Number of protein chains: 2
Amino acid sequence: MTMKTKSPSFYERRAAIAKALGHPSRLMIVDALQEKEICVCELTDLVGADQSTVSRHLSVLKNAGLVDTRKEGPMIFYRLRVKCLEGFFMCIENVLRENLEREEALVGG
Amino acid sequence: MTMKTKSPSFYERRAAIAKALGHPSRLMIVDALQEKEICVCELTDLVGADQSTVSRHLSVLKNAGLVDTRKEGPMIFYRLRVKCLEGFFMCIENVLRENLEREEALVGG
DNA sequence: AGGTTATATTGCAATATGACCATGAAGACA
DNA sequence: TGTCTTCATGGTCATATTGCAATATAACCT
C-alpha cells in the first residue's frame, strides 16, 4: 500500500474479500478449512444452519477466491485456496486484544 | 486459532471487525490513516462522498475499535488504533494475486 | 427407471446497509 | 448574541444480505 494514486476498483476488490470474511459462519468455515478440506455436509453440521444457507455462504467464499472445490462422487469438498489467513487472523486478534485492554482501562480507571 | 471449542460469540466478534473493513470507503480511510491522523473534513474530500456518509463510515470503524479520535478545536482527528493492518492487507493482496493467477491460467489454458 | 444422498439454486420475508438531505450540537470568533 | 465551521445524528429511500423452505441437479445404487 504505497502507491500515490489508486484506481477506483482498487479498494473495491480488496473490500470484497474482507466482506466475504465478515460473517461469523463464513469465518467458522474458513477456520475449519485451515486444518483440512471438508465436505458440505460436514460444514453444514459444523455451522448448524440450513444446508441451503451454508451452500450460499460457501459460494460467497468461492466467489471471493478464498476457497476451491473438489468433487468426489456425490460429495463436494471445500478447501482453502489461500494460506495467508494466518496474517488476517493475527490482525483480528490484535484488534480484539486492544479493544479488551481499552475496556479494562475504562473499568479500572 | 487452536481451541477445540469456541464460544458462540467467538466468530461474531471477529466477523464484526472484518465486516468493518469490508467497504471500499472504509478501506480507503484506514489506508490513509496509516500515514498520519486526519480530520473528518479531509477524509470527506478523500472519499468523495457526503460528509454524513463519511461520518457514518468513521463511526463503524470506531465501533469496531479500529480507529480513535482526538478533538482539536472544532475538528476531530481520526487515527488508527491498531498497527497490525500490515498483516491484514498482505493477506488480501495474497488472495488477489492468487485470483489473478487463476484468471490468467483460465485464459491461457 | 426409480430411489436415495449430496449440493446448488430459487423464491420470499425479515433485516441490515449505504447514500443522501436536513437538522442538531459544539467550538471559534466577531 | 449571531454566524460560521466542523462533525454527528435522524429521516427516508433504494439496495443488499441473510435465512429457511422448496425445488432442481447430479451421482450413485438397485
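Order of the sequence lines fixes the chain letters, A, B, ..., with proteins taken first and strands second; residue numbering starts at 1 for each chain. Keep in mind the model is a prediction, meaning the values are calculated, not measured.
Using a 4.0 Å heavy-atom criterion, one finds that B:Lys62 contacts no nucleic acid atom at all. Using a 4.0 Å heavy-atom distance criterion, B:Phe77 is classed as making no nucleic acid contact.
Atoms CD (B:Glu42) and P (D:dT5) sit 18 Å apart, rounded to a whole Å. Atom-to-atom, CG of B:Leu61 to C1' of D:dA8 comes out at 15 Å; the value is rounded to the nearest Å. B:Asp45 has its CG atom 12 Å from the C1' atom of D:dT6, to the nearest Å. Between A:His23 atom NE2 and D:dA16 atom P there is a gap of 18 Å when expressed in whole angstrom units. Rounded to whole angstrom, the span from the NE2 atom of B:His57 across to the C1' atom of C:dT17 amounts to 9 Å. Per the geometry, CE belonging to B:Met75 stands 19 Å off P belonging to D:dC4, to the nearest Å. If you take CG of B:Leu58 and P of C:dA19, they are 12 Å apart, rounded to a whole angstrom. Whole-Å rounding puts the A:Asn63 CG to D:dT17 P distance at 11 Å.
Taking the nucleotide of DNA chain C with the nearest heavy atom to each of B:Lys19 and A:Cys41, the more 5' of the two is matched to A:Cys41. Annotation: of the two residues near DNA chain D, A:Gly73 and A:Ser25, the 5′-most nearest-nucleotide partner is A:Ser25.
At a threshold of 4.5 Å between non-hydrogen side-chain atoms, the residues B:Val30 and B:Leu33 do not count as touching. By the 4.5 Å heavy-atom criterion applied to side chains, A:Glu98 and B:Lys83 are counted as neighbours.
Evaluation of atom-type donor-acceptor distances gives no pair under 3.5 Å for the side chain of B:Arg26 against the base of C:dG18. For A:Gln51 and C:dA8, a side-chain-to-base donor-acceptor distance below 3.5 Å is present, hydrogens and geometry of angles not being considered. With hydrogens and angles ignored, a donor-acceptor pair under 3.5 angstrom links the side chain of A:Arg56 to the base of D:dG19. The base of C:dC21 is paired with the side chain of B:Ser52 by a donor and an acceptor separated by under 3.5 Å.
Distances shorter than 4.0 Å separate none of the side-chain N or O atoms of B:Tyr78 from OP1 or OP2 on D:dT6.
Of all heavy-atom pairs between A:Leu80 and A:Gln34, the closest is CD1-CG, 3.7 Å.
One hydrophobic cluster holds both A:Ile76 and A:Val47 under the rule that ILVMFWY side chains link at heavy-atom gaps under 4.5 Å.
In the set D:dA27, D:dC7, C:dT7, the nucleotide with an atom closest to the side chain of B:Ile76 is D:dC7. Of the candidates C:dT7, D:dG19, D:dT17, D:dG19 carries the atom nearest the A:Thr53 side chain, counting heavy atoms from C-beta on.
How far CZ of B:Arg26 is from OH of A:Tyr11: 14.5 Å, rounded to the nearest 0.5 Å.
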